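Scroll down for the structure; my scribbles are underneath it.
Please read all numbers here as calculations on a predicted model, not as lab measurements.
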Amino acid sequence: MTVPFVDGRSLCRTSDLKKAAETLGGDFVMLVNDGKTCRIEPAQLDRMCAALAASGADMAYSDHYDSDDGRLTPHPVIDCQAGALRDDFDFGPLWLLRTAALRRAVAAMTEEYRWGALYDLRLRMGQPLHIPEFLYTASVSDRRTSGEKQFDYVNPRSREVQLEMEQICTAYLRRIGALLTEPFKPVPLSDEVFPVEATVVIPVLNRVSTIGDAVRSALSQETDFAFNVLVVDNHSTDGTSALLDAIPDPRLIHRIPRRTDLGIGGCWNEAVNDPCCGRYAVQLDSDDLYSGPDTLQKIVDCFRREGSAMVIGAYQMTDFDLRPIPPGVIDHREWTDANGRNNVLRVNGLGAPRAFYVPLLRTIGFPNVSYGEDYAVGIRICREYRISRIWEPIYCCRRWEGNSDAALSIEKQNANNAYKDSLRTAELQARRRGA
């Protein structure tokens, strides 16, 4: 079968996409994106076309092989769920589109976009078909690790692009009846008497080389209120537990859960439901540090001033010895009070450090997972309640060889992305129902 080929790099602008659609003939068209070279055998292309034709879908994509200097590596991709609204969703570089559906979607485009025409296109087309077969080979053009790529969207150089992507996603949410526009609810008042005003929560598992630094950073906070530090030690076996027991400070509470099946989210649930937990629970990862002794005070001041359900700060990326490293400060400037709760369905995170109003958090709870647990709570909170931001860096995120997300396999990246997409899918459904 002969299928026209279009270089996706030439279709970033809406006007260029419209012109290309006018010239296309036949039942299907191939788009090749990301500047990659793709090789697909005739039989594999026939297979792809037959699957798309039989499914009735508007678009098909498949698993593929990455070719790097002649070495082939399998590159599986994941199903595109309804909530997979990320503009960086990995369809692979080769898309097969039904020509009639392409023209129909393009005809409905009224805004002229400079960078996001293909993102707008795929949101206007029907649910994509994932063919879980390795049907083609693509050249490798980006050899960075997952840890190096994960902050691309917060790079200030891409700010204009991200604003346009937000505009496209917002328009889509409006079309499907999932855009939130109503005022935020006030957080529910609680007459509970808390033992302290704030608790620093540190889940930990086998971080003997870093947990001492984290605890000392938390205990060194200078505040006008009482606080404690609650470490949920998830059955460490490397000396972490003994190190914690040796720290002579009554404000440090060391808990080892009875359960042995807890992820990070489950450890958070243990902490916020502990009788020692304060009114506000503030995150600190076991290998990170607060940037100064005033971090906790700034967070609680923000809660008091703005009456929010959640406060999120900004952080500085550093090496293990606290030297700043690229991409520098991560402040999530894409968040706005007006539209952050909608745009959060497009981006893959909310930032750090994260802090929560405990009476409300106890009614929501964390999923018992070790990835995306904070995102799950954040998107649920902002459906109804305000999230406040502190734009200055108040946290140091240390990157080192022991980081769990420094260099993930494609399979692990896929599992992580599929999970967050499932959270977005559920949240999208709830917002459309007005839940």
Side-chain angles (χ1 to χ4, degrees), residues 192 194-207 210-221 223 225-236 240-241 243-244 247 249-259 262-291 295-300 302-303 308-313 315 350-378 380-381 387 390 394-398 404:
E192 180 177 352
F194 288 92
V196 291
E197 187 72 348
T199 293
V200 176
V201 176
I202 310 178
V204 65
L205 173 62
N206 292 338
R207 281 288 187 265
T210 60
I211 185 62
D213 290 343
V215 169
R216 283 187 287 272
S217 174
L219 292 173
S220 69
Q221 294 300 295
T223 65
F225 52 83
F227 73 92
N228 56 26
V229 179
L230 204 167
V231 179
V232 182
D233 177 3
N234 202 6
H235 304 276
S236 295
T240 290
S241 302
L243 185 152
L244 289 168
I247 296 176
D249 194 311
R251 296 172 300 170
L252 174 61
I253 300 159
H254 178 201
R255 296 284 194 248
I256 299 176
R258 175 182 57 81
R259 292 172 55 181
L262 297 182
I264 293 174
C267 290
W268 262 91
N269 289 333
E270 292 279 317
V272 299
N273 289 293
D274 191 286
C276 291
C277 189
R279 186 185 312 275
Y280 305 109
V282 185
Q283 167 246 342
L284 179 60
D285 287 350
S286 59
D287 48 8
D288 294 334
L289 306 173
Y290 291 143
S291 59
T295 290
L296 195 55
Q297 184 72 55
K298 288 178 179 178
I299 290 172
V300 171
C302 188
F303 273 118
S308 301
M310 184 175 177
V311 172
I312 308 174
Y315 59 93
L350 291 107
R354 299 168 290 276
F356 307 90
Y357 177 58
V358 167
L360 178 62
L361 181 60
R362 285 174 175 168
T363 69
I364 294 173
F366 287 85
N368 185 29
V369 295
S370 292
Y371 175 84
E373 72 289 339
D374 54 321
Y375 183 76
V377 172
R380 174 60 188 91
I381 285 176
I387 294 178
I390 298 174
I394 57 174
Y395 188 91
C396 295
C397 181
R398 298 198 289 181
S404 56

With a 4.5 Å limit on heavy-atom distance, are the side chains of [X] and [Y] in contact?
{"X": "Tyr357", "Y": "Met310", "answer": "no"}
{"X": "Asn368", "Y": "Asn269", "answer": "no"}
{"X": "Leu243", "Y": "Ile211", "answer": "yes"}
{"X": "Pro353", "Y": "Ile299", "answer": "yes"}
{"X": "Tyr395", "Y": "Gln283", "answer": "yes"}
{"X": "Ile381", "Y": "Ile387", "answer": "yes"}
{"X": "Ile247", "Y": "Leu219", "answer": "yes"}
{"X": "Trp268", "Y": "Val232", "answer": "no"}

For Ser241, the side-chain contact (heavy atoms from CB on, under 4.5 Å) test, sequence neighbours excluded, returns Asp233, Ser236, His254, Ile256
Phe366 ring center within less than 6.0 Å of Phe356 ring center:
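Here the rings of Phe366 and Phe356 have centres that are less than 6.0 Å from each other.
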All heavy atoms of Leu262 vs all of Glu270, minimum pair found to be CD1-CG, 3.6 Å
Evaluate the side chain to side chain contact (heavy atoms under 4.5 Å, CB included) criterion for residues Ile253 and Val231: first the C-alpha distance (whole Å), next the side-chain angles of each, then the deciding distance (0.1 Å), finally the verdict.
CA-CA 6 Å; Ile253 300 159; Val231 179; over 6 Å; no
